[in-house]
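Since the structure comes first, as structure tokens, the remarks are kept for the end.
All chains are named by letter (A, B, ...) in the order of the sequence lines, taking the proteins before the strands, and each is independently numbered beginning at 1. Quick note: numbers below take in every heavy atom, side chains included, and nothing from hydrogens, waters or symmetry partners.
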Protein chains: 2
Amino acid sequence: MSTHTPDRPRRRGRPPKDSARPYAETRNALIQAGLAVLTEKGYSSVGIDEILRSVGVPKGSFYHYFKSKEVFGQELISAYGLYFARKLDRFLLDDSLSPLTRIRHFVQDASQGMARHDFRRGCLIGNLGQEMSLLPESFRAQLKEVFEDWQARTASCLRDAQACGEVAATLDPDQLAEWFWTGWEGAVLRAKLEASSEPLERFTEGFFQLLQAHAGR
Amino acid sequence: MSTHTPDRPRRRGRPPKDSARPYAETRNALIQAGLAVLTEKGYSSVGIDEILRSVGVPKGSFYHYFKSKEVFGQELISAYGLYFARKLDRFLLDDSLSPLTRIRHFVQDASQGMARHDFRRGCLIGNLGQEMSLLPESFRAQLKEVFEDWQARTASCLRDAQACGEVAATLDPDQLAEWFWTGWEGAVLRAKLEASSEPLERFTEGFFQLLQAHAGR
DNA sequence: GGAACAATTAGACCGGGTGTCTAGTTTTTG
DNA sequence: CAAAAACTAGACACCCGGTCTAATTGTTCC
């Protein structure tokens with residue numbers, strides 16, 4: 001599924017009206033390729049031409065699509081944030097399942113995603129958070145917001161779980177959600193290290209045990 | 001506390017018997033400086049001369065002290081592992097306190113450590129785990145071992161906690177310890193991102209609540 | 001047909017860095 | 001005083017970084 005397109009050898013100058021994929025499409029391909037690379041290697045140790053080359057876009061064109069590497073990064077963050085927000089919704093709003101089962105399914109899906117790339121790719125947001133000290137300061141707030149967004153969606157599902165008695169009403173869903181995401185990022189890190197999904201599984205198992213323990217009181 | 005030593009301007013050739021700090025001392029200074037830099041920026045985006053310069057050792061000397069950057073990294077990992085193992089022992093074996101209190105103190109200390117460097121430095125092992133896909137494969141096993149070592153020490157303290165009734169005997173200390181360290185790494189990441197110790201505190205608070213919930217059953 | 005404008009990219013800018021190693025200088029040893 | 005040991009200058013041989021201007025090609029509209 002490499003996005004590499006050895007295509008037609010690109011000519012200079014304005015492309016004929018039809019032959020070229022439209023601006024938006026190329027831009028999109030760049031973002032896609034950027035995500036693939038940055039989820040694996042982070043931001044600072046990746047050069048733009050690695051991404052450019054993987055899409056078959058000449059280096060000179062980069063600034064036609066993005067003002068700088070920094071704003072490219074910003075766009076990757078929000079694309080990734082959105083991508084996951086949608087994924088979360090797809091799972092967590094599926095009311096054919098009990099709320100906790102929805103979370104379980106989400107986790108399963110994410111874990112399969114990592115396995116599919118041999119545990120080389122992790123979470124973009126986690127990666128960048130980790131290397132924050134090497135990053136443009138503008139990334140910080142954005143990354144924080146993404147976490148908050150994911151957490152809000154998760155908390156809402158946990159509230160549903162409380163409503164139907166799957167989780168004790170005494171627990172704070174927001175705290176639980178923050179907890180979940182903090183732990184999850186740690187688990188992703190260990191999964192990359194061990195090249196195995198076990199850390200992910202063990203972490204989530206523990207998380208559900210926690211919910212259960214309280215429910216049982 | 002920067003290790004920079006503008007010292008005497010180093011002369012070429014073999015130094016007189018006394019005047020120079022001995023081999024081991026310089027080596028040590030390099031390791032110390034390496035830790036400071038790598039805990040902040042990781043391995044792959046740091047060049048050796050940044051470290052060399054901060055200690056005032058000329059670039060040409062590096063290979064006198066270490067065979068390569070890779071083995072330098074290996075040595076940093078084990079130095080850091082040991083450093084933390086000792087710190088853990090200092091706290092977790094202090095039997096003037098209850099086992100859980102010991103853990104609390106350790107966490108407090110680690111959290112102050114991060115604050116002291118304005119949340120720019122994190123955990124070396126976590127940093128490297130995160131960038132595993134950019135690292136020499138030889139690091140993987142070593143990093144894993146460090147985690148296991150830390151976990152074992154933590155588990156042992158949790159067993160003490162069970163012995164004196166602070167933690168329910170039904171829980172598995174090893175699982176709890178792995179859990180703790182997974183979550184902790186996640187919390188460190190968030191602390192760097194938010195430049196605040198709150199993620200650390202919120203995570204540990206949750207961890208202790210978990211232990212308590214089970215104890216209360 | 002041809003000017004004006006829009007879209008795209010070649011190619012170089014310039015400065016930086018990478019890890020490594022050899023050849024050399026200086027001291028100590030015997 | 002020769003041989004061995006301890007240390008380092010300086011260069012090697014790259015490959016790279018992000019950025020931007022000037023050139024090229026297509027379209028539009030008269």
Side-chain angles (χ1 to χ4, degrees), chain A residues 5 7-30 34 37-38 41-76 131 134-136 138-139, chain B residues 5 7-30 34 37-38 41-76 131 134-136 138-139:
Chain A
T5 3
D7 270 79
R8 44 205 154 10
R10 307 205 147 224
R11 289 183 311 169
R12 255 195 183 208
R14 182 172 186 163
K17 205 173 189 180
D18 46 331
S19 79
R21 52 184 162 193
Y23 179 83
E25 204 183 303
T26 306
R27 219 182 120 84
N28 228 321
L30 284 173
V37 179
L38 292 230
K41 311 193 192 166
Y43 178 85
S44 37
S45 45
V46 170
I48 39 174
D49 27 344
E50 176 174 352
I51 294 155
L52 262 349
R53 253 181 295 113
S54 86
V55 183
V57 169
K59 188 173 178 190
S61 300
F62 184 75
Y63 290 83
H64 188 58
Y65 296 100
F66 303 95
K67 194 175 136 285
S68 68
K69 190 191 179 188
E70 177 168 354
V71 324
F72 181 56
Q74 290 166 357
E75 245 170 293
L76 289 185
E131 51 173 343
L134 299 164
L135 262 39
S138 72
F139 286 12
Chain B
T5 1
D7 270 78
R8 41 198 157 16
R10 308 203 146 225
R11 290 183 311 169
R12 253 192 183 214
R14 180 172 187 159
K17 204 172 189 179
D18 46 331
S19 79
R21 53 184 161 189
Y23 178 84
E25 204 182 303
T26 306
R27 220 182 120 83
N28 228 318
L30 284 173
V37 179
L38 292 229
K41 310 192 193 169
Y43 178 85
S44 36
S45 45
V46 170
I48 40 175
D49 28 344
E50 177 175 351
I51 294 155
L52 262 351
R53 251 182 296 115
S54 86
V55 183
V57 169
K59 188 172 179 189
S61 299
F62 183 76
Y63 291 83
H64 189 58
Y65 297 100
F66 304 95
K67 191 176 139 285
S68 68
K69 190 189 178 189
E70 177 168 352
V71 324
F72 181 55
Q74 290 167 356
E75 244 169 295
L76 289 185
E131 50 173 344
L134 299 163
L135 262 40
S138 72
F139 287 11

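- Between A:Y63 and A:I48, some side-chain heavy-atom pair lies under the 4.5 Å cut-off.
- Once rounded to the nearest 0.5 Å, the distance linking CG of B:L30 with OG of B:S54 reads 8.0 Å.
- Closest approach to the B:Y63 side chain among C:dC21, D:dT8, C:dA7 is made by C:dC21 (side chain taken as heavy atoms from C-beta onward).
- Distance NZ (A:K67) to P (D:dT19): 8 Å, rounded to an integer number of Å.
- For B:S45 against A:L134, the heavy-atom pair with the smallest separation is OG-CD1, 3.4 Å.
- We find that CZ of B:F66 is positioned 16 Å from C1' of D:dA6, with the value rounded to whole Å.
- Over its length, the helix from C:dG1-D:dC30 to C:dG30-D:dC1 turns its helix axis by 20°, as judged from the five terminal pairs at each end, rounded to 10°.
- Taking atom NE2 of A:H64 as the reference point, atom P of C:dG11 lies 18 Å away to the nearest angstrom.
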*Going 5' to 3' through nucleotides 13-18 of chain C, assign each nucleotide B (protein heavy atom under 4.0 Å from a base atom), S (under 4.0 Å only from sugar-phosphate atoms) or - (no protein heavy atom that close).*
-----B

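- Here the closest heavy-atom approach between residue A:L135 and residue A:S44 is recorded as CD1-OG, 4.5 Å.
- For the pair B:F62 CZ and C:dT20 P, the interatomic distance rounds to 8 Å; values are reported in whole Å.
- The side chain of A:P58 lies closest to C:dT9 when the candidates are C:dG19, C:dT9, D:dC7.
- Spacing between atom OH of A:Y43 and atom C1' of D:dG18 amounts to 10 Å, rounded to whole angstrom units.
- A:L52 has its side chain out of reach of A:Y65: every pair of non-hydrogen atoms, C-beta onward, lies at least 4.5 Å apart.
- Here C:dC21 presents its P atom at 15 Å from CG of B:L52, a figure rounded to the nearest Å.
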Enumerate, atom names and distances included, each donor-acceptor pair closer than 3.5 Å involving a side-chain atom of residues 67-74 of chain A, sequence neighbours excluded.
from  : atom 1 : to     : atom 2 : distance (Å)
A:S68 : OG     : A:E70  : N      : 3.3
A:S68 : OG     : A:V71  : N      : 3.3
A:K69 : NZ     : A:Y43  : O      : 3.1
A:K69 : NZ     : A:V46  : O      : 2.8
A:E70 : OE2    : A:S138 : OG     : 2.8
A:Q74 : NE2    : A:S138 : OG     : 2.8

